[in-house]
Amino acid sequence: MNGAAGMEKDVKISIRNLYKIFGSDPKGALENVRAGMGKPELMEKHRHVLGLQDINVDMRGGDITVIMGLSGSGKSTLIRHLNRLIEPTAGQILLDGEDVLAYGERDLRRLRREQMSMVFQHFALLPHRTVLENTGMARAVRGETKADFQDDALKWLDRVGLGGQGGQYPHQLSGGMQQRVGIARALASDSPIMLMDEAFSALDPLIRTDMQDLLLELQEELQKTVVFISHDLDEALKLADHLVILKDGQVVQQGEPQEILLHPNDPYIVDFISDINRARVLRVRSVMEETTAQDREFAGEVGPDDTLESVIAISEGNTGLCYRVMRDGAQVGALEMQKLVRALVPTGAAEGGIRAKAV
Amino acid sequence: MATYDFIFNGLGLREWCDKDATTGPMSMADLLAQGSGGGEGTPIWELPFPSLDALNEACPAIARTRDLTKGVETSFLDIKDTLKIVLDPITQPLSWFLEGALYAFQNTPWFIMIPILLAVVYFASKSMKLVGFVAFSILFLAFIDHYNFAMQTLAIIFVCAFLCVLLGVPIGIAMSRSDTMQRLTIPVLDMLQTLPPFVYLIPLIFLFSVTEPKLYGIAIILYAIVPVIRLTDLGIRLVDKEVIEAAEAFGMTDRQKLYGVQIPLALPNIMAGVNQTIMMSLAMVVIASLVSAPGLGVLVLRGIRNLELGVGLIAGLGIVLLAVILDRVTKAALARVNAASAAQRNS
């Protein structure tokens with residue numbers, strides 16, 4: 001999380017020029033789309049649904065890439081392309097430089113068993129198996145017996161906070177606990193990539209926050225490549241190292257979440273972010289002035305990854321102060337409270353945006 | 001002469017019509033028409049529908065309806081022998097199973113058979129109340145000397161229902177996997193289900209000797225296999241899509257998915273199908289007594305043939321008792337499966 005700039009990681013998954021068109025003749029419709037036909041026109045003239053249009057995303061190893069969009073934006077379709085639960089109409093998906101779409105049945109099965117695990121919105125646990133057996137599902141699929149995976153499965157159940165629940169059936173657990181099983185199941189497969197399809201969307205807000213914290217905590221330790229789908233901007237901003245915003249099957253903007261927040265390039269995103277609590281999401285490093293000069297009077301020291309909210313709390317609302325930003329004992333910048341307050345004012349909601357139309 | 005003469009005359013087909021006209025046997029209507037000297041110019045109100053018979057009157061070269069039914073019959077008889085060469089060996093095991101089951105059910109002494117049946121009931125339902133009811137029913141049937149008939153009926157149902165499940169579940173699975181297969185199978189199932197049960201027996205009587213048990217075995221299986229196929233297909237198609245997706249996402253093979261996910265989750269529906277199949281076997285085994293199926297149906301048939309009211313009614317009561325037993329026991333087993341999986345699914 002919040003990987004410092006400059007610490008470049010290798011690209012793990014790369015999506016190139018991906019198209020998905022639903023209908024009877026997707027290849028034919030693709031010609032029209034490439035010629036510039038839009039989603040509504042394609043629907044009206046050819047009765048084909050444009051699911052994804054020219055998607056290009058690089059996902060770095062060890063990062064959490066969050067793909068965000070409203071329902072119908074194609075985010076769930078996109079994540080299912082990664083393990084080919086859905087076949088694309090055109091494009092490439094590269095995993096460590098290897099084209100996943102060229103895989104035959106055997107290679108694809110190996111990919112799903114060993115490279116990628118998945119967590120589902122409604123948990124998708126096997127109702128007739130115990131929690132322990134569900135956790136070991138990926139291992140059982142590979143042909144291991146219960147005795148083989150039992151220790152590992154118990155370890156992961158412990159790790160997600162379900163120690164001692166292995167003998168239960170999924171229905172005996174609450175939703176949040178079931179999703180913990182879902183995560184333990186994904187972790188027990190030992191795959192380097194975790195696909196999470198709206199994994200926390202079906203949970204209560206409080207439990208959702210718990211689960212997000214759990215994911216961040218696990219991620220710090222395990223450094224998996226996580227692809228996370230969400231329709232919730234707060235969740236996306238909390239989790240994302242790299243944020244991809246989808247609309248009508250197209251990427252409208254992608255990049256570092258703080259960057260998107262401060263410089264939205266589309267009215268759609270402006271509308272999107274106008275409602276969030278910026279003080280809680282923005283970090284000191286995004287608004288500070290990068291300098292090592294100690295040319296002014298500092299009221300105190302803050303960390304670069306502190307939220308603006310916490311700085312406001314320290315300053316007790318005094319906008320005249322200036323703080324010294326320290327990383328690992330060395331100064332990396334200076335933060336003027338005045339600048340901080342200015343950053344809290346959202347970029348004006350777009351004139352032609354959804355919100356303006358709704359009024 | 002005939003009403004539709006003008007068509008053939010008008011089209012210049014008269015010669016073709018009369019070329020090799022053979023006068024078929026005269027119908028009563030023909031005779032009447034001859035008697036009254038032939039009605040010149042039929043009034044418009046009495047214009048007959050241009051059916052095969054009406055057209056034949058005007059043009060003898062056109063076949064009559066009776067030729068159609070005759071054609072069906074002769075073509076069936078023509079292929080009968082070839083069909084028999086194929087069907088006989090395939091269906092022979094059915095005869096052996098039925099003969100074996102009938103022998104076993106009848107020759108096991110009652111004091112061994114009844115406890116075995118009760119044990120099966122207890123194993124399936126885990127309910128002492130139900131065991132008590134079944135014990136009472138069987139002892140009652142035995143007491144009024146219907147024990148042997150009831151065992152014959154049970155033996156036939158046992159074999160036929162077992163084969164229905166053995167054949168029906170795989171067919172249902174195949175249907176659930178392929179929409180084309182489903183589209184092709186459903187009309188056949190619809191036909192099997194709506195055809196009056198007696199109609200099954202007609203071609204079978206031509207194919208097999210009435211002394212062979214497989215004759216009624218096939219009729220019962222054809223009639224009773226439908227629900228288990230339908231509900232297997234439905235059950236597998238109703239399995240939660242996300243669970244199937246999870247199975248695929250973790251790299252399950254089709255076989256792992258089928259045995260590890262689809263069949264276990266479809267089990268309540270499959271069991272409901274088995275219950276229906278057993279009930280329909282019982283219905284058919286009574287009708288099959290027309291083609292020498294032994295059991296309680298024979299007594300019912302005797303009651304109808306000889307107007308022996310009491311015999312028929314008592315045998316009917318016995319059938320009702322068997323039906324209630326079979327239904328309650330399979331329902332109890334189904335309820336146990338349901339309770340287990342409903343609890344599991346209630347998340």
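A, B, ... follow the sequence lines: proteins, then strands. Residue 1 opens every chain.
Around OH of A:Y19, the count of heavy atoms belonging to other residues, nucleotides or ligands within 6.0 Å exceeds 12. Other residues, nucleotides and ligands place no more than 12 heavy atoms under 6.0 Å from the OH atom of B:Y259. In this structure, B:Y200 places its OH atom where more than 12 heavy-atom neighbours from other residues, nucleotides or ligands lie under 6.0 Å away. Atom CD of A:E105 is surrounded by 12 or fewer heavy atoms from other residues, nucleotides or ligands within 6.0 Å. Within 6.0 Å of CZ in B:F133 there are more than 12 heavy atoms belonging to other residues, nucleotides or ligands. In A:L206, the CG atom is not crowded: 12 or fewer heavy atoms of neighbouring residues, nucleotides or ligands sit closer than 6.0 Å.
Looking only at side-chain heavy atoms (C-beta outward), A:F120 and B:E245 come within less than 4.5 Å of each other. At least one side-chain heavy atom of B:F250 sits under 4.5 Å from a side-chain heavy atom of A:R185.
Here the CZ-CD distance, from A:R80 to B:E248, works out to 10.5 Å after rounding to the nearest 0.5 Å. Note that CG of A:L126 is 10.5 Å distant from CG of B:D240, once rounded to the nearest 0.5 Å.
At a 4.5 Å heavy-atom cutoff, the contact between A:Q121 and chain B is made by backbone and side-chain atoms alike. Interface remark: A:M137 contributes side-chain atoms only to the contact with chain B (heavy atom separation under 4.5 Å). In this structure, the portion of A:L125 lying under 4.5 Å from any heavy atom of chain B is its backbone and not its side chain.
Looking at every heavy atom in both residues, B:T253 comes nearest to A:R113 through CG2-NH2, 3.6 Å. Here the shortest heavy-atom pairing between B:M252 and A:V141 reads CG-CG2, 3.6 Å.
Distance alone, capped at 3.5 Å, places no donor-acceptor pair between the A:H122 side chain and the B:V243 backbone.
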